[in-house]
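Heads up: the structure comes next, in structure tokens.
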Amino acid sequence: MSHPERLGSPGGESVDTIAEPFHVNGTLADYAARHGLRQSAARPPLRKYIQDVWARRNFIWAFASAKNISMYTDSRLGQVWQLLTPLLNAAVYYLIFGLLLNTSRGVPDFIPFLVTGVFLFGFTQRSVTAGAKSVGDNLSLIRALHFPRATLPLAIAVVELQQLLLALVVLFAIVFAFGEPVSFNMLLFVPVVALQLMFNVGISMVMARLGAFNRDITQLLPFVMRTWLYMSGVIFSLPALMKSGSRLAEYPILGELLKANPAYVYVELSRHVLLGEYREHVQKGGVASTGQLWLYAVVWAAVMLVGGFMYFYRAEERYGRG
């Protein structure tokens, strides 16, 4: 019959008590502080956290590139789907809204107008939906390695940027195919995409924290994103709907809210810098102000980037628990 192992006295005499557990004077927190120990997943100071994220910029790019490549490995066409998906979406919207419902009336070069809206809105849409899954889909990585968790939604934003850059080849081909001349105004498209990327990073971080603690949100997002698309002027011209005498003109507050919608702001700015005929058409109507769109774009980018980062950072030590 086996017995618990007992401690022997220095002289070899056995005692009838089992060894007592090791006790520390004070609390465990005091003991850890006294010996310089800290929680492995503790949230570092903000400045140190930002430095840690920046130090892992190569990891963010490599992680995003690997994820981008692996995304379509199971399909025969592979990376071609990055171009086909937005093109097929644009074709469906053109069939329904351009031909059947005739929302294209009064909008010059409706196909470039529509493709620009679908491509640019898709950039934000995918950042939101993928950002909501960025923490939950990488729990094994979070629990195995110590790194700033903000790198995950950042990597998602980089994935979507890489996909957008490839899709822009098709977008510019369509724009030029419909007779749009090359102009210096097109150079403004670079800051538009940069501001939209900043906005996407921020909203991706907000969704990453929400999705980390409530996975049901990913089931709700398709309905939210579809509603957002219809409110963002992707398939119709908001300035045309706000002209004097139109029904929307009777509700100016609603019109101003739609104009301040961040998705609409970046889509409409992209059209203004890429489509000269559309820009002149809108400016003649006297409804939209390009300066106002730029102001909204800068404010949304700054507020969402800083606010989203801080919102995600405040829950740093909670990711991967449970």
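Numbering starts at 1 and runs along the sequence shown.
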Would a single hydrophobic cluster contain both [Y] and [X], if residues Ile, Leu, Val, Met, Phe, Trp and Tyr are joined by side-chain heavy-atom contacts under 4.5 Å?
X: Met225; Y: Met231; result: yes
X: Val234; Y: Leu254; result: yes
X: Phe236; Y: Tyr230; result: yes
X: Val303; Y: Tyr313; result: no
X: Leu166; Y: Val175; result: yes

Return the set of residues passing side chain to side chain contact (heavy atoms under 4.5 Å, CB included) with [X] (not counting sequence neighbours), or none when no residue passes.
X: Glu160; value: Phe123, Arg126, Ser127, Ala130, Gln163
X: Leu305; value: Met198, Val201
X: Val267; value: Leu120, Phe121, Arg271

Taking all non-hydrogen atoms of both residues into account, name the closest pair between [X] and [Y] and its distance.
X: Thr218; Y: Ala132; result: CG2-CB, 4.1 Å
X: Ala155; Y: Ala64; result: O-CB, 3.4 Å
X: Tyr49; Y: Ala150; result: OH-N, 3.1 Å
X: Leu258; Y: Tyr264; result: O-CD2, 3.6 Å
X: Gly136; Y: Leu139; result: O-CG, 3.5 Å

Tell me which pairs pass side-chain hydrogen bond (donor to acceptor under 3.5 Å, both in side chains) where either residue lies in residues 173-187, with sequence neighbours left out.
none
[atom1]/[X] to [atom2]/[Y] distance, rounded to the nearest 0.5 angstrom?
X: Asn261; Y: Leu238; atom1: CG; atom2: CG; value: 9.0 Å
X: Leu221; Y: Gln125; atom1: CG; atom2: CD; value: 9.5 Å
X: Ile156; Y: Asn200; atom1: CD1; atom2: CG; value: 12.0 Å
X: Leu274; Y: Ile174; atom1: CG; atom2: CD1; value: 12.0 Å
X: Leu171; Y: Ser270; atom1: CG; atom2: OG; value: 8.5 Å
X: Phe63; Y: Leu154; atom1: CZ; atom2: CG; value: 11.5 Å

Within a 6.0 Å radius of atom CH2 on Trp228, are there more than 12 heavy atoms belonging to other residues, nucleotides or ligands?
yes
Should we count CD1 of Ile253 as having more than 12 external heavy atoms under 6.0 Å?
no
Side chain to side chain contact (heavy atoms under 4.5 Å, CB included) between Ile50 and Val53: does it pass, once the steps are laid out?
CA-CA 5 Å; Ile50 295 175; Val53 172; 5.7 Å; no
Which is it for Arg209 and Arg318 under the side chain to side chain contact (heavy atoms under 4.5 Å, CB included) test, yes or no, and what are the steps along the way?
CA-CA 10 Å; Arg209 175 172 171 176; Arg318 295 168 53 198; 3.8 Å; yes
Side chain to side chain donor-acceptor pair (under 3.5 Å) filter on Gln196, not counting sequence neighbours, yields Thr124
Would you call [X] and [Y] a side-chain contact if the rule is heavy atoms closer than 4.5 Å?
X: Val135; Y: Arg149; answer: no
X: Phe59; Y: Thr151; answer: yes
X: Arg279; Y: Glu268; answer: no
X: Val158; Y: Leu197; answer: no
X: Trp61; Y: Gln162; answer: yes
X: Met304; Y: Val206; answer: yes

My understanding is that only residues two or more places apart in sequence, or in another chain, count here; which of them pass ring-ring contact (aromatic ring centres under 6.0 Å, His included) with [X]?
X: Tyr266; answer: Phe199
X: Phe147; answer: none
X: Phe189; answer: Phe172
X: Phe312; answer: Tyr319

Test your reading of the model: is there a side-chain donor-acceptor pair from Asn138 to the backbone of Ser134, 3.5 Å cut-off?
yes
Keeping Trp300 on the side-chain end and Ala263 on the backbone end, is there a donor-acceptor pair under 3.5 Å?
no
Met205/Tyr311 under side chain to side chain contact (heavy atoms under 4.5 Å, CB included): CA gap, chis, key distance, verdict
CA-CA 8 Å; Met205 289 190 169; Tyr311 180 72; over 6 Å; no
Only pairs at least two apart or in different chains count here, so list each salt bridge (charged side-chain N to carboxylate O under 4.0 Å, His left out) that has a residue in residues 46-57.
Lys48-Asp52
For residues 214-227, which residue pairs pass the salt bridge (charged side-chain N to carboxylate O under 4.0 Å, His left out) check, not counting sequence neighbours?
Asp137-Arg215
Those residues at least two apart in sequence (or on a different chain) that pass salt bridge (Lys or Arg N to Asp or Glu O under 4.0 Å) with Glu277 are none
Run the side chain to side chain contact (heavy atoms under 4.5 Å, CB included) test on Val299 and Leu295 for me, step by step, so that the C-alpha distance in whole Å, both residues' side-chain angles and the decisive distance to 0.1 Å come before the verdict.
CA-CA 6 Å; Val299 171; Leu295 177 62; 4.1 Å; yes
Mutual orientation of the aromatic rings belonging to Phe113 and Tyr278 [parallel < 30°, tilted 30-60°, perpendicular > 60°]:
tilted
